[in-house]
Novice: 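My structure is below; once you've seen it, I'll send some questions.
Counting starts at 1 for both ligands and their atoms, in listed order. Atom set for the values below is all heavy atoms of this structure, side chains included, hydrogens, waters and symmetry mates excluded.
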Amino acid sequence: MEDRWYTASAPGKFVILGEHAVVYGKPALVLAVDRRMTCSVRFGPRNTINGERVDLEKQPHLKYLTRNIDHCVEFLTRSRIPVGSGMGSSAALSAAAAMALRALQSIGYEEKDIVDDAYGAELYAQGSGSPMDASACVHGKGITVNVPDTDRPLWTISRGERTWNVSDIDVPDMTFVIGNTGIKAPTGPQVDKVRRFITKNHFAADIMDEIESTTLEGYDAIRRNNVEHLGRLMTSNHKLLSILGVSCKELNKLVNAALPFSYGAKLTGSGGGGCMVALTDDPQKVCETIKSHGGTPYIVQTGVQGARLENGDNEDPVVDIIP
Ligand code: PMV
């Protein structure tokens with residue numbers, strides 16, 4: 001039995017525009033960031049995570065990804081992506097684990113294969129959602145989802161009546177600061193909340209349409225490098241997400257604190273806690289104000305590589321600490 005470690009990593013992400021509406025097939029713009037999830041795997045006598053014996057029933061992403069493997073698997077993980085915070089930690093784990101497991105089994109790991117695995121794991125664990133996070137964490141750099149007439153298509157994923165067309169975009173040369181409220185808010189309940197909102201409110205379709213037009217305008221602003229306009233659109237998107245009910249007072253506090261020093265700011269990801277993102281040319285000032293309002297700031301680098309093998313032939317696994 002193969003007992004060598006295989007290691008892969010995948011980046012976290014933030015959403016410039018379009019989360020939640022993307023679940024309903026609307027467009028979204030996403031950038032990968034320089035905070036990565038790393039996962040090492042090898043066959044072993046029992047299933048373990050970071051040396052602790054584990055019941056995979058309680059780890060649905062990993063259970064899904066190992067469903068066709070006859071052996072037990074040992075996992076080591078290390079992450080700089082805050083968990084349950086809108087930065088794609090579960091998609092990055094799914095992408096890194098999927099790639100490492102494919103390498104362990106000597107099966108192909110084209111980007112699309114890993115996206116299918118990672119999105120499958122997300123759906124298995126969460127029950128609903130779009131392939132946006134999985135696509136961003138696998139591809140890295142920047143992606144659009146369901147933006148028409150893009151010139152670098154990557155893949156199309158369909159589920160039920162929904163179809164998502166994912167494309168590569170040039171990463172804008174702009175500075176983004178993330179502010180973490182420190183409140184963990186898993187994605188599934190937030191997606192369910194929006195579904196209930198849509199069922200109950202006749203004007204919900206208008207909000208979705210407004211998010212769509214905001215996102216398409218944002219795509220245009222990025223291509224023209226129009227940072228002022230993109231910032232305004234981000235703030236409008238935050239307002240629309242607040243109407244959907246997925247902001248919270250801590251997110252609003254950080255968004256409000258960042259706005260005087262930013263072109264725009266909004267929550268990122270599923271909301272209810274987690275992170276916001278500000279577009280700024282004064283990142284130090286935004287960091288200070290996020291800190292003084294109780295958040296944890298991260299100045300993120302964009303334009304980073306997607307899922308990659310770290311040491312396919314190396315017997316030394318990564319050091320295994322989840323912060
Ligand atoms: O909070 P995150 O990082 O899991 O992002 C969720 C993004 C949503 O649009 C809210 C859900 C989805 O599946 O697209």
Novice: Just jot down the ligand 1 atoms closer than 4.0 angstrom to any heavy atom of Gly88, in number order.
Specialist: 3 (O)
Novice: In terms of residue, atom name and distance, what is the protein heavy atom nearest to atom 4 (O) of ligand 1?
Specialist: Thr187 OG1, 2.5 Å
Novice: Should the pair Asp170-Lys141 be classified as a salt bridge under the 4.0 Å nitrogen-to-oxygen rule?
Specialist: no
Novice: Using a heavy-atom cut-off of under 4.0 Å, does the side chain or the backbone of Val15 touch ligand 1, or both, or neither?
Specialist: neither
Novice: Among protein heavy atoms, which sits nearest to atom 2 (P) of ligand 1, and what does the distance come to when rounded to 0.1 Å?
Specialist: Asp133 OD2, 3.4 Å
Novice: Within the distance-only criterion (no hydrogens, no angle test), does the side chain of Asn165 pair as donor or acceptor with the backbone N or O of Thr156 below 3.5 angstrom?
Specialist: no
Novice: Between OG1 of Thr215 and NZ of Lys26, what distance do you get to the nearest 0.5 Å?
Specialist: 10.0 Å
Novice: Of all the non-hydrogen atoms in the protein, which one sits nearest to atom 13 (O) of ligand 1, and at what distance?
Specialist: Ser130 N, 2.8 Å
Novice: Does this structure show an ion pair linking Glu210 with Lys239, if we count only N-O contacts that are shorter than 4.0 Å?
Specialist: no
Novice: Is there any N or O on Ser270 that sits under 3.5 Å from an N or O of ligand 1?
Specialist: yes
Novice: Are the side chains of Leu29 and Val15 in touch, meaning some heavy atoms are under 4.5 Å apart?
Specialist: no
Novice: Looking at Arg196 and Asp192, does any basic side-chain N land under 4.0 Å from a carboxylate oxygen?
Specialist: no
Novice: Which atoms of ligand 1 sit under 4.0 Å from any heavy atom of Gly129?
Specialist: 13 (O)
Novice: Is the shortest N/O to N/O distance between Val191 and ligand 1 below 3.5 Å?
Specialist: no
Novice: Would you mind running through ligand 1 and noting each atom that sits below 4.0 Å from a heavy atom of Val22?
Specialist: 9 (O), 14 (O)
Novice: Considering only non-hydrogen protein atoms, determine which one is nearest to atom 9 (O) of ligand 1 and report residue, atom name and distance to 0.1 Å.
Specialist: His20 N, 2.9 Å
Novice: Pick one of side chain, backbone, both or neither for how Met132 approaches ligand 1, counting any non-hydrogen atom pair under 4.0 Å.
Specialist: side chain
Novice: Scan Asn146, Val194, Ile211 and name whichever one has a side-chain contact (heavy atoms from CB on, under 4.5 Å) with Tyr24.
Specialist: Val194
Novice: Lys13 near ligand 1, heavy-atom distance under 4.0 Å?
Specialist: yes
Novice: Any donor-acceptor pair under 3.5 Å linking the side chain of Arg102 with the backbone of Gly108?
Specialist: yes
